[in-house]
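Taking it in order: structure first as structure tokens, then the write-up.
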Amino acid sequence: MASYLWVLSLALLFIVSGVRGTSPRQPIAVPFGRNYVPTWAFDHIKYYNGGSEIQLLLDKYTGTGFQSKGSYLFGHFSMDMKLVPGDSAGTVTAFYLSSQNSEHDEIDFEFLGNRSGQPYILQTNVFTGGKGDREQRIYLWYDPTRAFHRYSVLWTDNIILFLVDDTPIRVFKNCKDLGVKFPFNQPMKLYSSLWNADDWATRGGLEKTDWSKAPFVAAYKGFHIDGCEASVEAKFCATKGRRWWDQKEFQDLDAYQYRRLAWVRQKYTIYNYCTDRVRYPNVPPECKRDRDI
């Protein structure tokens, strides 16, 4: 009987592990100053609870922003954010990674403000070797101004995974064999900013920022960084193969995670460059591998 129960337990474990993928580890919250420093308009950043939470302010004079102290070549990065409430049309709240040269790499979350009552739009983009134009836009399935939600990037030498809370919203795989560049040898810093972009952000620039609603405020906490820290000149990760995010189980999504990604695609995606035949008469080669078509 005991051996039968043991075999049954193993079978159940196998079934469960086959259904659920290996999600990234839960981030560890730290104070802002552990990993980040302000970059401009220091007086437009407010600190709370010993720096465990901050607010960025945008008014008609200036926005503000911050960046990571270190540069990283692969890793897991996340931020808990509560976006600008109310009438935020014309504003952009950004959280992204970027290298520092002319042919730069970049991994973007951009939250495009809205008129009151309209949904926020989350735009993602990936730049490789200075080339971007890989925009995808989704509506969020919750109000991102009422509570903190987690926005994360898992970046390895095989995959870039965008997550909202624990839900995959986008995958960008290494398709070098298809002639598509992939970020693998340029360390990146993390950046975040709140700024006015009413020339394009809301309805293509038709909706302008209503400065009578200023200051606009976005809140942050968490400030999680678990990456391979490197100098900006580094071409490889010195700890390659020894970090949790560098292991085989984090190099792709499994069936459950792909179902979650398909749910986002079917219900909330409003623009995908992969399906834009006006801009791209020929489907970009990475799109099929990324399951975007």
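Side chains included, hydrogens not; waters and symmetry mates left out as well; all remaining heavy atoms used. This chain uses plain numbering: 1 for the first residue, then up along the sequence. Just so it is clear, the structure is predicted and the values come from calculations on it, not from any experiment.
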Do other residues, nucleotides or ligands put more than 12 heavy atoms under 6.0 Å from the [atom1] atom of [X]?
{"X": "R34", "atom1": "CZ", "result": "no"}
{"X": "K288", "atom1": "NZ", "result": "no"}
{"X": "Y142", "atom1": "OH", "result": "yes"}
{"X": "Q247", "atom1": "CD", "result": "yes"}
{"X": "R277", "atom1": "CZ", "result": "yes"}
{"X": "I270", "atom1": "CD1", "result": "yes"}
{"X": "F42", "atom1": "CZ", "result": "yes"}

Hey, is [X] close enough to [Y] for a salt bridge, meaning N to O under 4.0 Å?
{"X": "D290", "Y": "R134", "result": "no"}
{"X": "D226", "Y": "R243", "result": "yes"}
{"X": "R150", "Y": "D166", "result": "no"}

May I ask you to decide if the ring planes of F172 and F182 are parallel, tilted or perpendicular, using 30° and 60° as cut-offs?
parallel
Sidechain-backbone polar pair: [X] side chain, [Y] backbone, donor-acceptor under 3.5 Å:
{"X": "N174", "Y": "N158", "answer": "no"}
{"X": "D105", "Y": "G129", "answer": "yes"}
{"X": "N49", "Y": "S52", "answer": "no"}
{"X": "D254", "Y": "Q257", "answer": "yes"}
{"X": "S68", "Y": "G70", "answer": "yes"}
{"X": "T202", "Y": "G113", "answer": "yes"}
{"X": "R203", "Y": "W200", "answer": "no"}
{"X": "D59", "Y": "Y61", "answer": "yes"}
{"X": "T64", "Y": "A41", "answer": "yes"}

Aromatic contact between W195 and W40, with the criterion being ring centroids under 6.0 Å apart: yes or no?
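So the answer is no for these two rings.
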How about Y151 and F95: are their ring centres within less than 6.0 Å of each other?
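Between F95 and Y151, which both carry aromatic rings, the centre distance is not below 6.0 Å.
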Without hydrogens or angle criteria, can the side chains of T145 and Y120 be said to hold a donor-acceptor pair below 3.5 Å?
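No donor-acceptor contact under 3.5 Å links the two side chains.
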Would T156 and Q251 count as having a side-chain donor-acceptor pair, cut-off 3.5 Å?
yes
Give the cluster check for I54 versus L194: same hydrophobic cluster or not, with ILVMFWY residues linked at side-chain heavy-atom distances below 4.5 Å.
yes
Share the residues that join Y96 in a hydrophobic cluster, the rule being Ile, Leu, Val, Met, Phe, Trp or Tyr side chains under 4.5 Å apart at the heavy-atom level.
Y191
Consider ring pair (Phe, Tyr, Trp, His ring centres under 6.0 Å). Of F223, Y220, Y48, which one does F32 pass it with?
F223
Which one of W244, W155, W245 satisfies the ring pair (Phe, Tyr, Trp, His ring centres under 6.0 Å) criterion with F250?
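The ring pair (Phe, Tyr, Trp, His ring centres under 6.0 Å) with F250 is passed solely by W244 among W244, W155, W245.
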Checking R137 against Y271: charged group under 6.0 Å from the ring centre and within 45 degrees of the axis?
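Not flagged: R137 not positioned over aromatic ring of Y271.
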